[in-house]
Amino acid sequence: QVQLVESGGGSVQAGGSLRLSCAASGYTYSSTYLGWFRQAPGKEREGVAAIYTRGGGMTYYADSVKGRFTISQDNAKNTVYLQMNSLKPEDTAMYYCAARTSGRLGTWYDLATYNYWGQGTQVTVSS
């Protein structure tokens, strides 16, 4: 079992920044990808960014956030971060942290391949 707890959401004006944190506990050694997803009202949940947790730390981003968001991890703290800069109103959504354990294959943004999810943290960007 892997437990994920997000924090850091809030309300900001367009152009502002927020940093989301996701603290992982439990069998964290079993995870291969840690990802951030978001869901706006009336829309499907979508992948925002992900990081491969085993060697190299390769990162992946949705086109809509490239150059503005940065995903990173602190292995000592079992925490993954999402630094969000130059926020836009269209970034408004509930943001979820998710973990994929070994043996589950698919693209980084495939929700079905993530088997552990946090409760979410709200990000609201006003114009």
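Note that the coordinates shown come from a computational prediction; the quantities given were computed from them, not determined experimentally. Residue indices begin at 1 and follow the sequence shown. The figures that follow rest on heavy atoms only: side chains count, while hydrogens, waters and symmetry mates do not.
- Residues Leu34 and Ala99 come closest through the heavy atom pair CD2-CB, 3.5 Å.
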*After noting the C-alpha distance and the side-chain angles of Leu20 and Val123, does the key distance pass the side chain to side chain contact (heavy atoms under 4.5 Å, CB included) rule?*
CA-CA 9 Å; Leu20 305 183; Val123 172; 4.0 Å; yes
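- Note on Tyr114: it clusters hydrophobically with Met58, by side-chain heavy-atom contacts below 4.5 Å among ILVMFWY residues.
- Sorted by first and then second residue, the side chain to side chain donor-acceptor pair (under 3.5 Å) pairs involving residues 91-100 (not counting sequence neighbours) are Arg38-Asp91, Arg38-Tyr95, Arg68-Asp91, Arg100-Thr113.
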_What verdict does the side chain to side chain donor-acceptor pair (under 3.5 Å) test give for Asn115 and Thr101, after you've listed the backbone C-alpha separation in whole Å, the side-chain angles of each residue and the deciding distance to 0.1 Å?_
CA-CA 7 Å; Asn115 44 339; Thr101 54; 2.7 Å; yes
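- Using the six-membered ring where Trp is involved, Phe37 and Trp117 have ring planes that are tilted, between 30° and 60° apart.
- Atoms CZ and OG1, from Arg54 and Thr32 in turn, are 6.0 Å apart once rounded to the nearest 0.5 Å.
- Tyr61 contributes no side-chain N or O that, together with a main-chain N or O of Ala50, makes up a donor-acceptor pair within less than 3.5 Å.
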_Show, in sequence, the C-alpha distance, side-chain angles and deciding distance for Tyr33 and Ile51, and conclude whether the side chain to side chain contact (heavy atoms under 4.5 Å, CB included) test is met._
CA-CA 6 Å; Tyr33 285 84; Ile51 187 166; over 6 Å; no
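- Residue pairs satisfying the side chain to side chain donor-acceptor pair (under 3.5 Å) criterion with at least one member in residues 7-20, sequence neighbours excluded, are listed as follows: Ser17-Asn85.
- For the pair Glu6 (side chain) and Gln119 (backbone), a donor-acceptor distance under 3.5 Å is present.
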*Would Ser72 and Val80 satisfy side chain to side chain contact (heavy atoms under 4.5 Å, CB included), going step by step from the backbone distance to the final call?*
CA-CA 6 Å; Ser72 63; Val80 63; over 6 Å; no
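- Note on Ile71 and Leu87: same hydrophobic cluster, where clusters join Ile, Leu, Val, Met, Phe, Trp and Tyr whose side-chain heavy atoms are under 4.5 Å apart, directly or indirectly.
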_Chi angles and distances behind the side chain to side chain contact (heavy atoms under 4.5 Å, CB included) call for Gln1, Tyr116_ = CA-CA 8 Å; Gln1 292 286 333; Tyr116 296 100; 3.4 Å; yes
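- Shown here for Ala93 and Ala40, the closest heavy-atom pair between the two residues is CB-N, 3.8 Å.
- With sequence neighbours excluded, no residue satisfies ring-ring contact (aromatic ring centres under 6.0 Å, His included) with Tyr109.
- Taking each heavy atom of Cys22 and Trp36 in turn, the nearest pair found is CB-CZ2, 3.6 Å.
- Connection of Leu82 to Met94 is not established within any shared hydrophobic cluster, with ILVMFWY side chains joined at heavy-atom distances below 4.5 Å, either directly or through further cluster members.
- Following chains of ILVMFWY side-chain contacts shorter than 4.5 Å, one cannot reach Leu111 starting from Leu4, and the two form parts of different hydrophobic clusters.
- In the hydrophobic clustering of ILVMFWY residues, with side-chain heavy atoms under 4.5 Å counting as a link, Met84 and Val125 come out together.
- Between Tyr52 and Trp108, the distance from one ring center to the other does not fall under 6.0 angstrom.
- Closest of all the heavy-atom pairs between Ser126 and Pro89 is C-CG, 4.5 Å.
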